[in-house]
Amino acid sequence: MRIDLHTHSTASDGTDTPAELVANAAAAGLDVVALTDHDTVGGHQQAIDALPAGLTLVTGAELSCRVDGVGMHLLAYLFDPADAELERARELVRDDRVPRAQEMVRKLRALDVPITWEQVARIAGDGSVGRPHVAAALVELGVVPTVSDAFTPDWLGNGGRAYAEKHEFDPFEAVRLVKAAGGVTVFAHPAAVKRGAVVPESTIAALADAGLDGVEVDHVDHDEPARARLRGLARELGLLTTGSSVQYRGDPPPCDRTHQTPPSPPSGRTALLSKHALVPPRPRFATRH
């Protein structure tokens with residue numbers, strides 16, 4: 001079984017519409033794909049409506065969090081999107097995205113970068129605007145060669161010259177909210193040191209005690225030593241291990257954040273699905289045969 005548990009569509013900062021994403025996932029031979037746009041479930045219905053035969057869609061979101069001054073992302077799967085408390089919390093994060101991006105544009109212009117808000121808004125389109133769209137604008141302008149090069153202290157990295165704070169979840173509260181809404185939580189790319197500071201393993205252990213279900217191990221921002229270390233930590237803490245890949249999209253344009261994983265997924269990914277596969281009173285994931 002080929003499973004990808006971390007993708008983004010144009011509902012946030014991806015390059016495929018939700019319908020295109022599920023079509024491309026099926027064309028690449030995936031059996032299961034998760035749609036985890038940043039802080040939004042806006043692409044879920046389009047993906048469900050366009051779901052190809054034989055492909056299982058896991059609905060989810062990637063929640064923006066911060067703990068002890070360090071940013072982190074939490075993958076939330078299979079939660080009830082109508083849960084009122086979780087929806088209110090997600091709204092607070094989403095509502096801060098535009099002012100935050102505008103502040104980054106202001107800071108970049110103060111650094112003599114000829115970026116405009118209109119340029120960033122055009123790149124974001126109908127998606128949930130964020131740093132990757134500002135980074136893509138820097139690539140368009142020739143300021144940096146790639147989106148990854150914009151996520152540094154010189155530019156948009158945490159604490160960087162053009163970085164702007166935003167409202168984010170407390171990850172312990174996010175775990176509580178997602179679990180209360182019937183979902184599963186996985187710490188996204190926890191060892192992505194190239195993006196900036198990462199949380200210590202003691203925090204991952206504390207999150208596990210609070211109900212965290214898993215850690216994302218196979219990710220393009222994790223080298224092999226980091227993956228081995230995370231697998232060991234997951235065994236120690238009793239956490240599932242997951243991975244992700246958008247290789248089926250082909251060569252991504254600058255604003256796409258690429259995730260890669262080996263073809264054979266760890267058993268933890270299947271365990272994540274089977275853990276909740278038999279639980280509807282409401283649809284938790286969609287399959288079309």
Side-chain angles (χ1 to χ4, degrees), residues 1-9 12-16 21-22 24-38 55-63 65 71-78 132 146-148 151 171 184-196 198-201 203-205 207-208 212-252 256-276 285:
M1 180 175 284
R2 302 185 67 192
I3 301 174
D4 182 334
L5 290 177
H6 186 167
T7 71
H8 301 305
S9 76
S12 61
D13 61 352
T15 56
D16 291 347
L21 189 148
V22 293
N24 289 338
L30 291 181
D31 300 291
V32 179
V33 66
L35 179 56
T36 53
D37 280 310
H38 290 285
L55 181 68
T56 296
L57 174 68
V58 178
T59 55
E62 186 173 11
L63 305 180
C65 302
M72 58 167 284
H73 288 164
L74 190 74
L75 292 162
Y77 303 105
L78 309 173
T146 70
V147 164
S148 294
F151 282 77
V184 178
T185 55
V186 172
F187 192 153
H189 42 74
V193 293
K194 65 175 67 176
R195 299 183 178 207
V198 297
V199 304
E201 291 183 358
T203 298
I204 300 176
L207 285 166
L212 179 72
D213 294 291
V215 290
E216 185 178 45
V217 171
D218 292 305
H219 187 277
V220 69
D221 287 342
H222 292 168
D223 59 21
E224 284 306 318
R227 295 180 192 207
R229 187 172 67 253
L230 286 170
R231 287 193 183 96
L233 181 65
R235 283 193 298 271
E236 178 184 331
L237 298 176
L239 297 173
L240 305 175
T241 60
T242 73
S244 50
S245 167
V246 288
Q247 294 177 38
Y248 60 79
R249 290 187 184 174
D251 295 326
D256 192 23
R257 307 308 302 277
T258 302
H259 310 288
Q260 299 179 16
T261 187
S264 299
S267 60
R269 293 174 222 174
T270 305
L272 185 151
L273 297 176
S274 63
K275 182 175 182 179
H276 282 252
F285 57 83

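All values below were derived from every heavy atom in this structure, side-chain atoms included, with hydrogens, water molecules and symmetry-related copies excluded.
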Evaluate the side-chain contact (heavy atoms from CB on, under 4.5 Å) criterion for residues Leu5 and Leu75: first the C-alpha distance (whole Å), next the side-chain angles of each, then the deciding distance (0.1 Å), finally the verdict. CA-CA 9 Å; Leu5 290 177; Leu75 292 162; over 6 Å; no
Looking only at heavy atoms, what is the nearest atom pair of Thr241 and Ala234, with distance? CG2-CB, 3.5 Å
Distance in Å, Leu74 CG paired with Thr36 OG1, rounded so as to fall on 0.5 Å steps: 11.0 Å
Partners of Ala26 by side-chain contact (heavy atoms from CB on, under 4.5 Å), sequence neighbours excluded? Pro52, Leu55
Heavy-atom donor-acceptor pair, Ser12 side chain to Asp37 backbone, under 3.5 Å: no
Partner of Phe187 under side chain to side chain contact (heavy atoms under 4.5 Å, CB included), chosen from Val199, Thr203, Leu239: Val199
Identify the heavy atoms of Thr185 and Leu212 that sit nearest to each other, and give their distance. OG1-CA, 3.5 Å
Kindly assign one of parallel, tilted or perpendicular to the pair His189 and His73, based on the angle between their ring planes and the thresholds 30° and 60°. perpendicular
State which residues pass salt bridge (charged side-chain N to carboxylate O under 4.0 Å, His left out) with Glu236; sequence neighbours excluded, sorted by chain then number. none
Side chain to side chain contact (heavy atoms under 4.5 Å, CB included) test vs Thr56 passes for just one of Val32, Asp31, Ile3, Val33, namely Val32
Could you report the tightest heavy-atom contact between Pro190 and Val215, atom names first, then the distance? CG-CB, 4.5 Å
Name all residues meeting the side-chain contact (heavy atoms from CB on, under 4.5 Å) criterion together with Ala61; count only those two or more places apart in sequence or in a different chain, and write none if there are none. Leu63, Phe79
State, to 0.1 Å, how close Arg2 and Gly29 come at their nearest heavy-atom pair, and which atoms those are. CD-O, 3.7 Å
Return the minimal non-hydrogen interatomic distance between Ala191 and His222, and the atom names on each side. N-NE2, 3.0 Å
Salt-bridge contact Arg231-Asp218 (side-chain N to carboxylate O under 4.0 Å): yes
Mind checking what makes side-chain contact (heavy atoms from CB on, under 4.5 Å) contact with Val198, not counting sequence neighbours? Val193
Atom pair CZ (Arg229) and CD (Glu224), whose distance is rounded to the nearest 0.5 Å: 12.0 Å
Quick check: closest heavy atoms across His6 and Glu62, and the distance to 0.1 Å? NE2-OE1, 3.0 Å
Within this structure, what is the CG-OG1 distance for the pair Asp16 and Thr7, rounded to the nearest 0.5 Å? 9.0 Å
Worked check of side-chain contact (heavy atoms from CB on, under 4.5 Å) between Leu35 and Leu57: CA-CA 7 Å; Leu35 179 56; Leu57 174 68; 4.1 Å; yes
